[in-house]
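Keep in mind it's a predicted model, so treat the numbers as computed, not measured. Hydrogens, waters and symmetry mates are skipped; everything else that's a heavy atom, side chains included, is used. Below, read A as the first sequence line, B as the second, and so on, with proteins coming before strands; counting in each chain starts at 1.
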There are 2 protein chains.
Amino acid sequence: MVQQVEASRAALSRDRVLQAAVALADTAGIDSVSMRKLSQELGVVPMALYKHVANKEELLDGMVDVVVGEIDPPRRHADWKSPADWKSAVRQRILAARRTLLRHPWASRVIESRRSPTPVVLEYMDSMIAMFRDGGFSIDLTHHVMHALGSRMLGFTQELFDDSQRLAPNAQAAGLVEMAGRYPHLVELAMAAAHEADSVVGSGCDDQFEFEFALDLQLDGFERLRQQGWSSKAPTPS
Amino acid sequence: MVQQVEASRAALSRDRVLQAAVALADTAGIDSVSMRKLSQELGVVPMALYKHVANKEELLDGMVDVVVGEIDPPRRHADWKSPADWKSAVRQRILAARRTLLRHPWASRVIESRRSPTPVVLEYMDSMIAMFRDGGFSIDLTHHVMHALGSRMLGFTQELFDDSQRLAPNAQAAGLVEMAGRYPHLVELAMAAAHEADSVVGSGCDDQFEFEFALDLQLDGFERLRQQGWSSKAPTPS
DNA sequence: TGAGGTAGGTATACGCCGTACACTTGTCAA
DNA sequence: TTGACAAGTGTACGGCGTATACCTACCTCA
């Protein structure tokens with residue numbers, strides 16, 4: 001009776017649960033997404049969530065679907081001027097994916113952690129494959145190219161590397177000389193990066209530039225293979 | 001007194017803890033590496049571990065160090081015949097890293113999850129940078145190239161993609177026609193991959209081939225930039 | 001010799017987590 | 001009216017990481 005009117009606890013649904021989970025992850029970080037905290041956010045008892053998702057794994061799958069579903073759709077093949085347009089079509093889509101993933105910084109980690117792809121991710125991959133095929137790539141080449149893209153396909157790569165961002169502050173005071181002794185090349189590189197990045201904010205690397213650099217290098221490599229009518233195992237044209 | 005003799009509970013030490021953790025992860029999976037199970041494995045009470053590692057994060061860091069420390073060292077620069085040898089030196093080292101990481105399948109996930117690199121990883125990166133510099137790469141180009149390699153530097157990439165391995169078994173019976181309707185390009189590709197892989201075991205993809213394909217494509221791209229004396233932001237030679 | 005510090009192992013307890021299971025309650029079809 | 005069903009509740013269990021206090025064997029040095 002009262003409940004029907006009270007907006008803040010409108011009836012739960014799978015979608016409302018997933019939306020709330022994404023919102024919670026966005027604002028409080030992925031570590032805050034526990035069944036208990038999420039249920040609290042929804043004004044409900046923890047076990048109530050299990051009427052809408054089977055378990056936490058499925059919740060995370062659903063969150064991935066929400067995020068990947070936000071990525072702009074690809075340019076329609078019919079709008080292409082030539083097969084060579086594959087490159088800009090793929091490039092645009094991947095950068096769109098990156099824009100979306102950057103809005104949900106937790107998402108890349110969660111995507112990596114899934115053990116089988118969700119339907120929405122499968123559809124994304126399918127449309128990506130379609131672009132290569134429409135661009136004249138053989139099935140085999142498309143296959144290898146998809147593997148080579150890996151997670152870059154969704155707009156992210158694990159960095160494993162945060163050079164100046166972590167090194168420079170870390171290395172203030174006497175720590176730097178010890179660092180320079182132990183990792184001379186790394187420090188040289190970090191210093192150069194920090195210097196070069198004066199124009200950019202905060203002395204870190206320009207992540208967007210690095211991403212596009214790597215992406216374009218790969219796409220150029222793909223195009224070269226396509227043009228030479230890549231047939232079978234001979235990945236090194238040399 | 002008795003304890004001194006009894007081999008199975010020789011005195012604990014940081015190294016023994018880390019070795020046991022790696023062994024446990026290797027045999028029982030990373031999920032089995034909890035402070036409690038690990039302590040049990042060592043015949044000791046859980047809190048005893050905290051005398052040798054500050055907390056679980058540090059334990060995981062230590063495990064990464066053990067694994068990365070197992071990677072074969074690089075070919076010495078002095079042994080190179082020409083600067084162009086950078087490519088085979090880098091290639092060999094990365095494939096050595098891959099061999100090591102494959103022996104510890106949990107390691108790539110753990111490495112990704114660390115938030116700042118451990119000293120051993122820093123040293124690995126330093127030696128990798130050294131190879132590019134010795135090969136005649138400018139600092140800037142080395143920087144971008146390191147970013148582009150990302151986790152491939154350590155011999156792995158997140159796959160996000162398991163095509164035939166997961167699709168084919170999944171798609172037996174009527175599921176396949178539904179699949180083919182929903183993801184036509186993906187199914188086409190998976191079928192082709194499964195067919196092509198008759199020679200390989202288990203109808204999955206040849207992960208090693210895919211890895212080397214992507215790696216060589218990147219290295220060739222790097223070499224091309226190096227040869228044209230890459231100076232500043234112009235990543236697309238077109 | 002013996003007093004005190006210290007390193008290494010122990011015991012107990014707290015708060016978090018995911019979720020199994022049994023229950024109530026509101027809704028709607030037959 | 002009844003009875004099935006969907007949705008929310010309450011309680012409880014076993015697992016986790018780890019704070020805190022304690023014990024005890026050993027080493028050092030006066």
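The nearest whole Å value for the distance from the CZ atom in A:R36 to the C1' atom in C:dT19 is 9 Å. Note: CG (A:D31) to P (D:dG17) measures 14 Å, nearest angstrom. Across the protein-nucleic acid pair, A:L38 atom CG and C:dT19 atom P stand 13 Å apart, rounded to whole Å. Straight-line distance from the CE atom of A:M35 to the C1' atom of D:dG15: 17 Å, rounded to whole Å. Put simply, CZ on B:R14 is 13 Å from P on C:dG8, counting in whole angstrom units.
Annotation: salt bridge (charged side-chain N to carboxylate O under 4.0 Å, His left out) contacts of B:R93 (sequence neighbours excluded): none.
Side-chain atoms of B:D31 and B:W106 form no donor-acceptor pair, as typed in the model, at a separation below 3.5 Å. One side chain, A:T118 or A:D65, offers a donor N or O that lies under 3.5 Å from an acceptor on the other.
By the 6.0 Å and 45° rule, A:R98 stacks over the aromatic ring of A:F211.
B:K37 contributes no side-chain N or O that, together with a main-chain N or O of B:L24, makes up a donor-acceptor pair within less than 3.5 Å. With B:Q218 contributing its side chain and B:A148 its backbone, the two residues share a donor-acceptor pair below 3.5 Å.
Scanning residues 45-57 of chain B for heavy-atom distances under 4.0 Å to DNA chain D yields B:M47, B:Y50, B:N55, B:K56. A heavy-atom distance below 4.0 Å to DNA chain D is reached by none of the residues of residues 58-66 of chain B.
The side chain of A:L12 approaches D:dG8 more closely than any other nucleotide in the set D:dT18, C:dT19, D:dG8.
In this pair, A:F222 and A:F132 present their aromatic rings perpendicular. The plane angle is above 60°, beyond the 30 to 60° band.
In this structure, the side chains of B:V64 and B:V120 stay at 4.5 Å or more apart for every pair of heavy atoms.
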